[in-house]
Enquirer: 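I have a structure I would like to understand better, so I am pasting it below and will then ask my questions one at a time.
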There are 2 protein chains.
Amino acid sequence: MSTVRGARERARIEVTAAIKDEARRMLAAEGAAKLSLRAVARELGMVSSALYRYFPSRDELLTALIVDAYDSVGAAAERAEAAARADPPRARWLAICEAFRSWALAHPHEYALIYGSPVPGYSAPLDTVGPASRVGNTLIAVVRTAYEGRGLALPPLPDSLRPEAVRMTADFAEGLPPEVTAALVVAWAQLAGMVSFELFGQFNRVVEDRAGLFTHVAGQLAQGVGLPAV
Amino acid sequence: MSTVRGARERARIEVTAAIKDEARRMLAAEGAAKLSLRAVARELGMVSSALYRYFPSRDELLTALIVDAYDSVGAAAERAEAAARADPPRARWLAICEAFRSWALAHPHEYALIYGSPVPGYSAPLDTVGPASRVGNTLIAVVRTAYEGRGLALPPLPDSLRPEAVRMTADFAEGLPPEVTAALVVAWAQLAGMVSFELFGQFNRVVEDRAGLFTHVAGQLAQGVGLPAV
DNA sequence: GTCTATAACGAGATAGAC
DNA sequence: GTCTATCTCGTTATAGAC
């Protein structure tokens, strides 16, 4: 019986993957707003009702795609960091940044799904919160090791922002100085801002050397979180 | 005859505006991907073919909405700058930044239309290029007056980025030092990055005091383009 | 000339009976 | 799981009102 169940489970995993693959292809062609279970089923030669055995609703399929995308970019960031583990923190920071951009360029539609405009009528469940923070956590980890024991050389926060920075630190960057936490959040928004501008066309007719500008910015941000060049 | 033509033209303008208003309402409800000429016509009590007297295609209606959105945010930025005309450049810079964010919060769907994920199957025509640059031009103008005749105190660009910065300067910021042009582009991406993260939900469960963080960043960016605090 | 309405096309989605 | 009848869509051709 266990082999039968094993086979069944394997089949289920394969079909689930096939559904998500097809849905991703549709995402690229039509956008998330038009993702329809029926079209996915048709493309797979299934009947739409059969899909509901794998995903109880269109929104749950969307959630699965979003979680996969977050996991994919998170894994890319973690891989880049691991490959640079022997390097100084600044190099690891830069490696993560470049990995983030590379992933986005390689998966533009999945990037749009998670960092672009929200899908109308869809509201993300809590399942996405964990995977969504993997890239950020990788950046935090690098900065944390750099600060271990050492002091920091960041300009002080304005008083008005300090409580918020303290709260954020307690929430997801415990042990770091609040100035660094705030700088991290800002850096993270800037990274995505650069990539979004590049991917969403805002750099068309404006910036040609996007890779060069991005690398430049990544270095500035490293500086901003306390990882100076030398 | 001129009154007749006047009346006709007035009617035409009114109908055109009504179509765009209804389309904007649909944009908010369903997203740009699902914008449909027929639904707009139905809602207005017209027949779909009648819309073609006003917009030759669905894509041209989308283009009109995009141009309107760019003009709306551009006008908001210019208004903010004009209202702060007597203030020092840094205050004018901050006013533009705040106006940008305020506009985005007040018009989230139009913001998503122009700064969010591209609409699948739609490619923006050249008509959008001019309006798209109004906010940026306003920022450039403020920095330009600040630099008139005076020197600058920005860190030098890496050699690898200098040619690109020189090219960008010639293209849309003539007369500014290339370091400033590069910093302007980066600042612009960061502004939109902050607003996008706020509007698109990336700050959920992360940043509470979004206004405070944004103002803080706007100040840092002013510094970055050479408009220091005192 | 300017507009609206009717009708139609080909393509695709959808709901429900079977 | 299948089939069909009935929607929607963008777009065009055409005819007639103003």
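Side chains included, hydrogens not; waters and symmetry mates left out as well; all remaining heavy atoms used. All of these numbers come straight from a predicted model, not from anything done at the bench. Convention: sequence-line order gives letters A, B, ...; per-chain numbering from 1.
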Enquirer: To the nearest 0.5 Å, how far apart are CG in A:N204 and CZ in A:F197?
Expert: 11.5 Å

Enquirer: Taking only residues at least two apart or on different chains, which pairs with a member in residues 121-141 of chain A satisfy salt bridge (Lys or Arg N to Asp or Glu O under 4.0 Å)?
Expert: A:D71-A:R134, A:E78-A:R134

Enquirer: What is the separation between atom CD on A:E30 and atom C1' on C:dA11, rounded to the nearest whole Å?
Expert: 12 Å

Enquirer: Pair up each side-chain donor or acceptor in residues 37-49 of chain B with any protein partner under 3.5 Å, not counting sequence neighbours, and list the distances.
Expert:
none

Enquirer: Would you mind telling me which residue lines up with the more 5' stretch of DNA chain C, B:V47 or B:R12, judged by nearest nucleotide?
Expert: B:R12

Enquirer: Under a 3.5 Å cutoff, is there a donor and acceptor pairing between the side chains of B:S117 and A:Y111?
Expert: no

Enquirer: Please collect all salt bridge (Lys or Arg N to Asp or Glu O under 4.0 Å) contacts where either partner lies in residues 194-216 of chain A, sequence neighbours excluded, each pair once.
Expert: A:R101-A:E198

Enquirer: Where do A:F214 and A:L191 land on the side chain to side chain contact (heavy atoms under 4.5 Å, CB included) test, with the steps shown first?
Expert: CA-CA 8 Å; A:F214 180 84; A:L191 280 181; 3.7 Å; yes

Enquirer: For B:F55, report the nucleic acid contact type (base, sugar-phosphate, nothing); a contact means any heavy atom under 4.0 Å.
Expert: nothing

Enquirer: For B:M46 and C:dT2, give me the distance from atom CE to atom P, rounded to whole Å.
Expert: 16 Å

Enquirer: Tell me, for nucleotides 3-18 of chain D in 5' to 3' order, what letter each nucleotide earns: B for a base near a protein heavy atom under 4.0 Å, S for only sugar-phosphate near one, - for neither?
Expert: -----SBBBBB-----

Enquirer: What do you reckon, is CZ of A:R167 surrounded by more than 12 foreign heavy atoms closer than 6.0 Å?
Expert: yes

Enquirer: Five pairs at each end of the helix from C:dG1-D:dC18 to C:dC18-D:dG1: take the axis at both ends and give me the angle between them to 10°.
Expert: 20°

Enquirer: What contact category does B:A11 fall into here, base, sugar-phosphate, or nothing, at under 4.0 angstrom with non-hydrogen atoms?
Expert: nothing

Enquirer: Partners of B:D68 by salt bridge (Lys or Arg N to Asp or Glu O under 4.0 Å), sequence neighbours excluded?
Expert: B:K20, B:R24

